[in-house]
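Reviewing the structure listed below.
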Amino acid sequence: MSWETITNIAPAKAAAIPPMGVGVACRKLGTRKRGEVRYIRITIAPALAAKLCLRTDKIGLRLALGSGPHAGKIALSVDASNGNFMAKKVKDGGYFLTINAASAAGLFSLDFPSFGAVAEMLPPERDKPPMAAFRASAEMLEAE
């Protein structure tokens, strides 16, 4: 009788989040009735959160997809008006927000590898909150 050793292959680890950047990952949850819920989770590093003036436990964020010279970039800025994404504070001082499947439809894929990206602060506009942008991966931008 012989034995063949089984190698333990650890699952892929989440991409590291740069100190002045974001981490982006696809997630899915199983549900009893609907089967599966898919979404994108964006984690904002504490240093970037401070630059964007994120201060409260929950805060509205506006997401914008760039075009022209900003093609392939996603911008983040504080905006408390209705219809924007709600960012929630985590223990380390960073924040996270989710983009559900309906919001991602036609814009983003819901099946791409996790990645971390450095965000750049955009030049301030008069009477506007600070804005930062990061480059999305090519796989993320392959809309279904």
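Just so you know, these numbers come straight off a predicted model, no measurement behind them.
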Side chains of T43 and V90: does their closest heavy-atom pair fall under 4.5 Å? no

Kindly indicate whether the side chain of Y95, heavy atoms from C-beta on, has any atom under 4.5 Å from the side chain of L52. no

Trace of the side-chain contact (heavy atoms from CB on, under 4.5 Å) decision for I17 with V22: CA-CA 6 Å; I17 300 172; V22 297; 5.6 Å; no

What heavy-atom pair brings N100 and Y39 nearest, and what distance separates the two atoms? CA-CB, 4.1 Å

Tell me, with the steps shown, if C53 and R55 meet side-chain contact (heavy atoms from CB on, under 4.5 Å). CA-CA 6 Å; C53 299; R55 305 263 193 268; 4.2 Å; yes

Measuring from atom CZ of F108 to atom CG of L141, what distance do you get when rounded to the nearest 0.5 angstrom? 6.5 Å

Find out if a path of hydrophobic residues (ILVMFWY) with successive side-chain heavy-atom gaps under 4.5 Å connects M131 to V118. no

CD of E36 to CG of L29: how many Å apart, nearest 0.5 Å? 9.0 Å

In Å and rounded to the nearest 0.5 Å, what is the NE2 to CG distance from H70 to L122? 6.5 Å

Quick one: closest heavy-atom pair of A47 and P19, and the distance? CB-O, 3.1 Å

Given side-chain contact (heavy atoms from CB on, under 4.5 Å), test M121 with L48 step by step and report yes or no. CA-CA 9 Å; M121 294 303 294; L48 179 58; 4.0 Å; yes

Heavy-atom count check: over 12 atoms from other residues, nucleotides or ligands less than 6.0 Å from K51 NZ? no

For residues L110 and L65: do they belong to one hydrophobic cluster (side chain heavy atoms under 4.5 Å, members Ile, Leu, Val, Met, Phe, Trp, Tyr)? yes

Where is the tightest heavy-atom contact between A132 and A119, given as atom of each residue plus distance? CB-CB, 4.3 Å

Shortest non-hydrogen separation from A49 to G93 and the atoms involved: CB-O, 4.0 Å

Quick one: are M140 and F115 in side-chain contact, heavy atoms under 4.5 Å? yes

Hey, could you give me the CG/CD1 distance between L107 and I40, rounded to the nearest 0.5 Å? 9.0 Å

Option passing side-chain contact (heavy atoms from CB on, under 4.5 Å) with E120 (candidates M20, K73, R135): K73

Are the side chain of T56 and the backbone N or O of K58 linked by a donor-acceptor pair below 3.5 Å? yes

Is V78 linked to I99 within one hydrophobic cluster, defined over Ile, Leu, Val, Met, Phe, Trp and Tyr using a side-chain heavy-atom separation of less than 4.5 Å? yes

How far apart are the closest heavy atoms of D92 and P46, and which atoms are they? O-CG, 3.4 Å

Is any side-chain heavy atom of R38 closer than 4.5 Å to one of D111? yes

Given side chains that start at C-beta, do those of F85 and L76 come closer than 4.5 Å, heavy atoms only? no

Could you give me the CA-CA distance, side-chain angles and deciding distance for I44 and L61, then say whether side-chain contact (heavy atoms from CB on, under 4.5 Å) is met? CA-CA 11 Å; I44 303 168; L61 284 183; 3.7 Å; yes

